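Take a look at the structure below.
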2 protein chains.
Amino acid sequence: MQNSFTEENYLKIIHALSGREGLEVSTNALAESTSTRAASVTDMLRKLAEKGLIHYKKYQGVRLTEAGEKVAINVIRKHRLWEVFLVEKLGFGWDEVHDIAEELEHIPSDHLVERLDAFLGHPRFDPHGDPIPDAKGNLTEPDYFILTEAQIGEKVRMMGVLDHAPSFLQHLDRAGITLGCLIEITEINEYDKSASVQINENHTLFISLEVSKNLLVQRR
Amino acid sequence: MQNSFTEENYLKIIHALSGREGLEVSTNALAESTSTRAASVTDMLRKLAEKGLIHYKKYQGVRLTEAGEKVAINVIRKHRLWEVFLVEKLGFGWDEVHDIAEELEHIPSDHLVERLDAFLGHPRFDPHGDPIPDAKGNLTEPDYFILTEAQIGEKVRMMGVLDHAPSFLQHLDRAGITLGCLIEITEINEYDKSASVQINENHTLFISLEVSKNLLVQRR
DNA sequence: ATCTATTTTTAGGTTAATCTAAATTTTTTT
DNA sequence: AAAAAAATTTAGATTAACCTAAAAATAGAT
């Protein structure tokens, strides 16, 4: 049987909230993320459990089953491939694609996804640096770390963002911080933990702790 | 307010059934085309009328209003642009794209459509030869005619199909009849009205009346 | 012009996904 | 360990899009 748009969204969100460890996700957390009320979540959980997509015991929170995980990862694959398409082929900014991809991710056709993947050249990462699961559902999280964990004087490469909010991404655009750029931390301000950084060995600026906390980087 | 997937489909189908003249469409015809029952159609018509998208008087059939026409044409524009994308960019066959485009046509983003249109080079026709409305909603039907109306000895160019069924399109593929090919009618068989035709001045074959009736051609 | 057949609408239900309010269970605090 | 607080579930409605069966309106045939 087919999963609805709504069911796919629940599975995707459960996947996101349960993290790598597959922790139990609470009803309230789901209500928050789906912008619905807890009572509505309970209804949906019963339904997903009946379909064998989640492990669910009343009052105990939920985890995805193997089957549910598969569906969730496929939705994520589609979402990220469409984001690549929108940015690489249609010229959208990385701050503009989330909502559109949110719709496109539910178009049901394996044939379509595989052809899109090939058309895009089998990209490994989406425009925000998130890894794209392969056709078999293998999703390998790269071991990026948060900029706040880098040392003063260290040169790192910007590989992704934790916050996908358009306003945050636009802020990075204005600061000239793009995926793949080089960041060197020259100084940390003790007072507010803001950092002086040099981008691409070429211009210097201050970034707040809030920004640093949302930048994923890699040692070179 | 936003129109639902279902509402858009009704408008699209009313547009198709009412033809160029904007004839009244019957409830039963809509039930047939939407694969629902007449009672369900009546419910929807009342709703569309309330939204000002159709002219509807009980027992009198329906016509689109200006507003409804605009929505319908925009859906058609999106459908046909996505079909071009699927065939030209992803390499699908013209017999494979209808169902997928049927989903993609309801993705709501004007920005997306306009960028897609530009990416595709502002195509005027979709892979079946159907004209693509422009961004302002102008839809000019080219004056193609049906192959059955061509004379013996006449050379015409294949410009479109009336039937979009995969089986019909696959049949044309096997016969080597593609969009833009040259067709010369060499003979009409009196008995069953089948025709002998020469394709691209290069191979000859028989085509049934059924096929001829579904081929749109142009005098050269 | 009337009767019959067809078409369309109304009336009353169903299902998926939501809601509010109330009841229940779990967790936290004292 | 009891009371209070928080989280979760149940109960009972709502809305969109559908359904069946019955009633009403239109169209067709004599």
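Just so we're on the same page: letters track the sequence lines, and every chain starts at 1. Values in this document were obtained by computation on a predicted structure and should not be read as measured data.
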What side-chain donor-acceptor pairs closer than 3.5 Å can you find for residues 139-151 of chain A, not counting sequence neighbours?
none

Q. For A:Asp43 and D:dA11, what is the distance between atoms CG and P respectively, to the nearest whole Å?
A. 11 Å
Q.
Let's see if you get this right: which residues in residues 9-18 of chain B place a heavy atom under 4.0 Å from DNA chain D?
A. B:Tyr10
**Q.** Nucleotide nearest A:Thr42 (side chain, heavy atoms from C-beta), chosen from C:dT9, C:dT7, D:dT9
**A.** D:dT9
Q: Starting at atom CZ of B:Phe5, determine the distance to atom P of D:dC18, rounded to an integer number of angstrom.
A: 10 Å
Q | Test side-chain hydrogen bond (donor to acceptor under 3.5 Å, both in side chains) applied to B:Asp163 - qualifying residues, sequence neighbours left out | A | none
Q) What does B:Ser40 touch in the nucleic acid at a heavy-atom separation under 4.0 angstrom: a base, only the sugar-phosphate, or nothing? A) base
Q) By side-chain hydrogen bond (donor to acceptor under 3.5 Å, both in side chains), which residues pair with A:Glu8, not counting sequence neighbours? A) A:His106
Q) Between A:Lys57 (NZ) and D:dT9 (C1'), how many Å, whole number? A) 17 Å
Q: Kindly write out the residues that satisfy side-chain hydrogen bond (donor to acceptor under 3.5 Å, both in side chains) with B:Ser26, not counting sequence neighbours, or none if the list is empty.
A: none
Q.
Using the ring pair (Phe, Tyr, Trp, His ring centres under 6.0 Å) criterion, which residues pair with A:Tyr56? Sequence neighbours excluded.
A. none
Q. How long is the line joining CD of B:Gln2 and C1' of D:dA16, in whole Å?
A. 15 Å
Q) Reckon B:Arg37 has a side-chain N or O less than 4.0 Å from the OP1 or OP2 of D:dT20? A) yes
**Q.** Side-chain heavy atoms of B:Leu104 within contact of A:Leu104, under 4.5 Å
**A.** yes
**Q.** For atom CD of B:Glu24 and atom P of C:dT8, their distance in whole Å
**A.** 11 Å
Q. At under 4.0 Å, does any side-chain N or O of B:Thr27 touch on OP1 or OP2 of C:dT9?
A. yes
Q: Report the distance from atom CG of A:Asn74 to atom NZ of A:Lys12, rounding to the nearest 0.5 Å.
A: 12.5 Å
Q | For A:Lys193, all residues meeting side-chain hydrogen bond (donor to acceptor under 3.5 Å, both in side chains), sequence neighbours excluded | A | A:Glu190
Q. Atom CE of B:Met44 to atom P of C:dT8: distance rounded to whole Å?
A. 17 Å
Q | Protein proximity profile, nucleotides 21-27 of chain D - base contact B, sugar-phosphate-only contact S, no contact -, cut-off 4.0 Å on heavy atoms | A | B--BSS-
**Q.** Interatomic distance where CG belongs to A:Leu48 and P belongs to C:dT18 [whole Å]
**A.** 11 Å
Could you pull out all donor-acceptor pairs under 3.5 Å where a side-chain atom in residues 13-25 of chain A meets a protein atom, sequence neighbours excluded?
| residue | atom | partner | partner atom | Å |
| --- | --- | --- | --- | --- |
| A:Ser18 | OG | A:Ile14 | O | 3.1 |
| A:Ser18 | OG | A:His15 | O | 3.3 |
| A:Glu24 | OE2 | A:Arg63 | NE | 3.0 |

Q) Nearest-Å distance, CG (A:Asn28) to P (C:dT25)? A) 18 Å
(Q) If you only use heavy atoms from C-beta on, which nucleotide in D:dC19, C:dT18, D:dT9 is closest to the side chain of A:Tyr56? (A) D:dT9
